[in-house]
Amino acid sequence: MSLGYAEKLSYIEDVGNVGMTEIYDPPHILQEKIERLTMIIRKSKHLVVFTGAGISTSCGIPDFRGPSGIWTLQRGGNALPEASLPFHRAMPSRTHMALVELERAGILKFVISQNIDGLHLRSGIPREKLSELHGNSFMEKCTSCGIEYFRDFEIESVGLKETPRRCSNADCDVKLKDTVLDWEDALPFEEMNPAEVHCEKADVVLCLGTSLQITPACNLPLKCLSGGGKVVIVNLQKTPKDKKANLVIHGYVDKVIGGVMDLLNLRIRPFVRIDLLQTIFTQAMSLDQRYVNWTLRIASAHDKRALIPFIKSVEVSFSDHTMKEAVLDKHPFQLKRRTVWKTEPFDVILKVNFSEGCGCTCSRIKIPIDFHSSRDDLTRDKDHVFGKLKSKAIKSSSCGQSAVIDRKMITSPKSEVIIRAVVTNVRWYDEMTVKTSGAGSLSKCSLKRRKEGKNETEAGRKLPKGQRRHNKI
């Protein structure tokens, strides 16, 4: 039987292990090191960042070797920690978002990650500037045409296995595969090659939150040394590469990088999470031509069969108060009705109730219905729509806003399919505090799935072949 991802890393980790004791630099030493790191970054021409599980612990995702890490608990015969936030609702840390600002400022040239949590992509690091060496729990890929699909749900398998979905490319239509490596899988060339190229070119490789023990990935940062580059390590534990580093900082990654951003006078902007859903309204005349039989379905944006984990239930009401209201509380969220053909136009009003981990309780969506006419197709620029939604969410310090991205009219059966973007979380990174519209940490069941290699389902976004290393929703 194939091992899950955590077991794979645990197997490798057994080969050699640096102590798990956490080390903290004294405050005055830490501040001096932060200032040194700031100067190194300021002078760099080609900065590469190499990340491990330690940058995601403040997101509610445990590391592996820390005192509360997955392997540490397992070896001690202890249960996984209690938590409340599903894995798919985890939000980027201060460090994730700081890296986005460094990339936007032209300082950071490339990110190499050993993590499978997908938070670098979700935070906004461009796909073409990111190598995910061990895969991504939220990514599936077409091995025929190369299209990548970045989902809002955890892919069901690990080990590069086939998933239930197929490529949407009409010329392809083959089954997709997950991207998370199993223990017998070699690091993929398309991820390893650019990582090697950038490390060899780098004048600084900054290692954040990694024990630098998993081979061959742990040897990548040292490739910069032959060209005169510097290695900086920020980690709470000793690593096997400490002696070769130019600077070793023992402190919380968020605190160190937050201090660097302050000294660089770079502001970390809020993170706004936007999820997708689609509404499908289908209608057909009754045999006697007196009634319209219609169905309204709220579905995942890219796979109608998938669950939508950010939705708990949907309350349906109508502008015509003579129509009976309804509550849809289980998947599939679907309502079937029969209405007199001569009925005047009316609005269907959806109160979409969010599940745990979202920053607000609900979002309200209005769908105009007119049996006697149809609307035109509509396609809006996604980046523009997302930008406006983010601005509104930040300005109002709240979430729940929604906007139409795409509308398609289908003639047979007569249907209107609308893709909507919905703001489900907002997180601010002010000074050394993190404020979020939805708090929590990774759920115990999701920790178990990380251990066993089991996942969930929901909707997503794809990365076209021509822009395969570009993050596109």
Side-chain angles (χ1 to χ4, degrees), residues 41 47-51 55-56 58-61 87-132 136-139 148-152 191 194 198 206 208-209 253-254 257-258 260-261 264 266-276 310 359 381-395 399 401 403 405 421-430 434-438 459-464 467-473:
I41 291 175
L47 172 65
V48 172
V49 171
F50 184 87
T51 67
I55 75 162
S56 295
S58 62
C59 308
I61 301 173
F87 189 23
H88 60 82
R89 295 309 306 176
M91 287 183 285
S93 66
R94 178 187 307 279
T95 299
H96 286 103
M97 299 308 294
L99 296 182
V100 173
E101 298 301 334
L102 288 171
E103 187 278 325
R104 287 173 175 168
I107 298 171
L108 174 60
K109 306 302 182 184
F110 201 76
V111 176
I112 304 165
S113 182
Q114 302 168 94
N115 299 339
I116 61 169
D117 53 34
L119 289 176
H120 282 304
L121 270 182
R122 212 172 290 287
S123 67
I125 292 293
R127 182 66 176 102
E128 68 271 15
K129 294 186 178 182
L130 172 66
S131 280
E132 294 179 304
N136 186 325
S137 290
F138 301 90
M139 185 83 77
E148 292 178 326
Y149 296 80
F150 186 39
R151 306 296 192 185
D152 287 339
E191 304 296 333
H198 280 278
L206 174 58
L208 301 176
V253 176
D254 282 352
I257 297 303
V260 169
M261 296 298 284
L264 291 174
L266 289 176
R267 173 177 168 267
I268 301 176
R269 281 171 275 195
F271 168 73
V272 178
R273 170 137 183 186
I274 296 178
D275 287 295
L276 303 177
F310 69 92
D381 180 81
K382 291 181 181 178
D383 291 337
H384 179 70
V385 172
F386 283 15
K388 290 186 69 174
L389 283 176
K390 289 179 180 180
S391 295
K392 289 180 180 179
I394 293 170
K395 187 175 181 179
C399 59
Q401 302 84 353
I405 293 177
V422 185
V423 177
T424 54
N425 280 99
V426 186
R427 173 172 281 191
W428 292 263
Y429 306 85
D430 298 327
V434 175
K435 303 174 185 177
T436 179
S437 58
R461 50 184 173 173
K462 72 177 182 179
L463 306 177
Q467 302 172 352
R468 204 185 57 77
R469 302 195 66 84
H470 179 68
N471 185 18
K472 193 172 185 179
I473 294 178

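Computed from a predicted model, the values in this text were never measured in an experiment. Below, each value reflects all heavy atoms present in this structure, side chains not excepted, and no hydrogens, waters or symmetry copies.
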Under a 4.5 Å cut-off applied to non-hydrogen side-chain atoms, are [X] and [Y] in contact?
| X | Y | answer |
| --- | --- | --- |
| M139 | L121 | yes |
| M97 | R427 | no |
| D275 | R89 | yes |
| L119 | C59 | yes |
| S58 | R94 | no |
| I116 | S137 | yes |
| V49 | I112 | no |

Would you please classify the geometry between the F110 ring and the H198 ring as parallel, tilted or perpendicular, with 30° and 60° separating the classes? parallel

Going from [atom1] on [X] to [atom2] on [Y], what distance comes out if it is rounded to the nearest 0.5 angstrom?
| X | Y | atom1 | atom2 | value |
| --- | --- | --- | --- | --- |
| L47 | L206 | CG | CG | 6.0 Å |
| R151 | N136 | CZ | CG | 12.0 Å |
| D381 | K388 | CG | NZ | 11.5 Å |

side-chain contact (heavy atoms from CB on, under 4.5 Å) filter on A98, not counting sequence neighbours, yields I257, M261, I268

Does V385 have any side-chain contact (heavy atoms from CB on, under 4.5 Å) partners at least two apart in sequence or in another chain, and if so, which? R380, L389, A403, I405

When you compare the side chains of S93 and H96, does any donor N or O come within less than 3.5 Å of an acceptor on the partner? yes

Side chain E191, main chain E132, donor-acceptor under 3.5 Å: yes

Taking the side chain from D254 and the backbone from T95, do they hold a donor-acceptor pair closer than 3.5 Å? yes

I'd like to know if R269 pairs up with E101 as an ion pair, taking the criterion as any Lys NZ or Arg NE/NH1/NH2 lying under 4.0 Å from an Asp or Glu carboxylate oxygen. yes

May I ask you to say whether R122 pairs ionically with D152, meaning some side-chain N is under 4.0 Å from a carboxylate O? yes

